[in-house]
Amino acid sequence: MRNIALCISILLCSASSCFAAHLHPEKYYQNKWCSAHQGRSEVILADRTRADCVTATRAIEFDFGKKWAESLGQALYYALQTGKRAGIVLILESPTDRKYWLRLNSTIAHFQLPVDTWVMEGETQKQ
């Protein structure tokens, strides 16, 4: 019984450290940007998928830098579903994340994809 309790404690501690990796959750950045751009957050599409933000002209995916490639596929799919132009807001929380911004934009340029991009720098919490 003590071994089971120990295993559960270890799992809970390691699970919470997964969420501690970012300064803020993705939704924080999504709500802030989407609101500032007169968009609607978490828009449910016809096929029951959910676009992070939809504005009058764009369907936008938000993701952290490491997920730059995934964000590209999702943004293109949201654009297909909405008939709007694809957009990506890439969240960069450290200077080393800049490489993901370069990867994203060089891929878009190389394949001449109809995708607009914006960057949001990670914010530290104010004390």
Side-chain angles (χ1 to χ4, degrees):
M1 189 65 151
R2 197 173 351 164
N3 288 341
I4 293 172
L6 179 62
C7 287
I8 291 172
S9 296
I10 290 170
L11 287 173
L12 289 174
C13 288
S14 63
S16 65
S17 67
C18 291
F19 298 109
H22 296 294
L23 299 172
H24 297 287
E26 180 183 312
K27 189 175 260 338
Y28 168 85
Y29 297 103
Q30 175 186 330
N31 289 337
K32 186 173 184 176
W33 191 95
C34 198
S35 176
H37 291 84
Q38 292 76 48
R40 293 180 302 135
S41 292
E42 299 292 328
V43 175
I44 298 173
L45 306 178
D47 67 348
R48 313 269 311 144
T49 56
R50 195 178 303 233
D52 289 344
C53 180
V54 176
T55 68
T57 57
R58 293 179 180 85
I60 301 160
E61 168 66 8
F62 285 71
D63 246 321
F64 291 99
K66 286 185 179 182
K67 294 173 70 178
W68 70 270
E70 183 180 322
S71 70
L72 185 53
Q74 284 184 268
L76 289 168
Y77 183 72
Y78 296 157
L80 175 68
Q81 289 297 305
T82 62
K84 297 178 184 284
R85 187 168 170 91
I88 298 169
V89 175
L90 202 64
I91 305 162
L92 307 179
E93 293 189 310
S94 73
T96 59
D97 286 346
R98 182 68 50 189
K99 64 186 171 223
Y100 304 121
W101 176 250
L102 298 174
R103 290 176 190 175
L104 174 65
N105 286 290
S106 61
T107 301
I108 290 168
H110 177 79
F111 291 103
Q112 299 176 2
L113 298 172
V115 180
D116 297 321
T117 60
W118 298 266
V119 68
M120 281 191 83
E121 303 288 340
E123 301 173 1
T124 58
Q125 293 189 358
K126 295 177 181 163
Q127 300 286 328

What's the separation between atom [atom1] in [X] and atom [atom2] in [Y], rounded to the nearest 0.5 Å?
{"X": "Asp97", "Y": "Leu90", "atom1": "CG", "atom2": "CG", "value": "8.0 Å"}
{"X": "Ser71", "Y": "Lys66", "atom1": "OG", "atom2": "NZ", "value": "15.0 Å"}
{"X": "Gln81", "Y": "Asp47", "atom1": "CD", "atom2": "CG", "value": "4.0 Å"}
{"X": "Met120", "Y": "Asp63", "atom1": "CE", "atom2": "CG", "value": "13.5 Å"}
{"X": "Phe64", "Y": "Ser94", "atom1": "CZ", "atom2": "OG", "value": "11.5 Å"}
{"X": "Thr49", "Y": "Gln74", "atom1": "OG1", "atom2": "CD", "value": "9.0 Å"}

Residue pair [X] / [Y]: nearest heavy atoms and the distance that separates them:
{"X": "Glu121", "Y": "Tyr29", "answer": "O-CE2, 4.0 Å"}
{"X": "Ala75", "Y": "Ala86", "answer": "O-CB, 3.4 Å"}
{"X": "Arg50", "Y": "Tyr78", "answer": "O-OH, 2.9 Å"}
{"X": "Ala59", "Y": "Thr82", "answer": "CB-OG1, 3.5 Å"}
{"X": "Ile88", "Y": "Leu72", "answer": "CD1-CA, 3.6 Å"}
{"X": "Arg85", "Y": "Asp116", "answer": "NE-OD2, 2.9 Å"}

**Report entry** Check against side-chain contact (heavy atoms from CB on, under 4.5 Å), Leu104 and Tyr100
**Finding:** CA-CA 6 Å; Leu104 174 65; Tyr100 304 121; over 6 Å; no

Query raised in the report: Angle class for the Trp118/His37 ring planes (parallel below 30°, perpendicular above 60°, tilted otherwise)?
Result: tilted

Query - Expected output: side-chain Ser35 to main-chain Lys32 donor-acceptor under 3.5 Å - result: no

Report task. Give a yes or no answer on whether the side chain of Ser106 reaches the backbone of Leu102 with a donor-acceptor pair at less than 3.5 Å. Result -> yes

Requested in this report: Using the side-chain contact (heavy atoms from CB on, under 4.5 Å) rule, take Val119 and Thr117 through it: C-alpha gap first, then chi angles, then the decisive distance, then the call.
Outcome: CA-CA 7 Å; Val119 68; Thr117 60; over 6 Å; no

Query - Derivation of the side-chain contact (heavy atoms from CB on, under 4.5 Å) call for Glu61 and Asp52 - result: CA-CA 5 Å; Glu61 168 66 8; Asp52 289 344; 2.8 Å; yes

Is it possible for you to say whether [X] and [Y] belong to one hydrophobic cluster, with membership spreading through side-chain heavy-atom contacts below 4.5 Å?
{"X": "Tyr77", "Y": "Val54", "value": "yes"}
{"X": "Trp68", "Y": "Ile108", "value": "yes"}
{"X": "Phe111", "Y": "Val115", "value": "yes"}
{"X": "Leu80", "Y": "Phe62", "value": "no"}

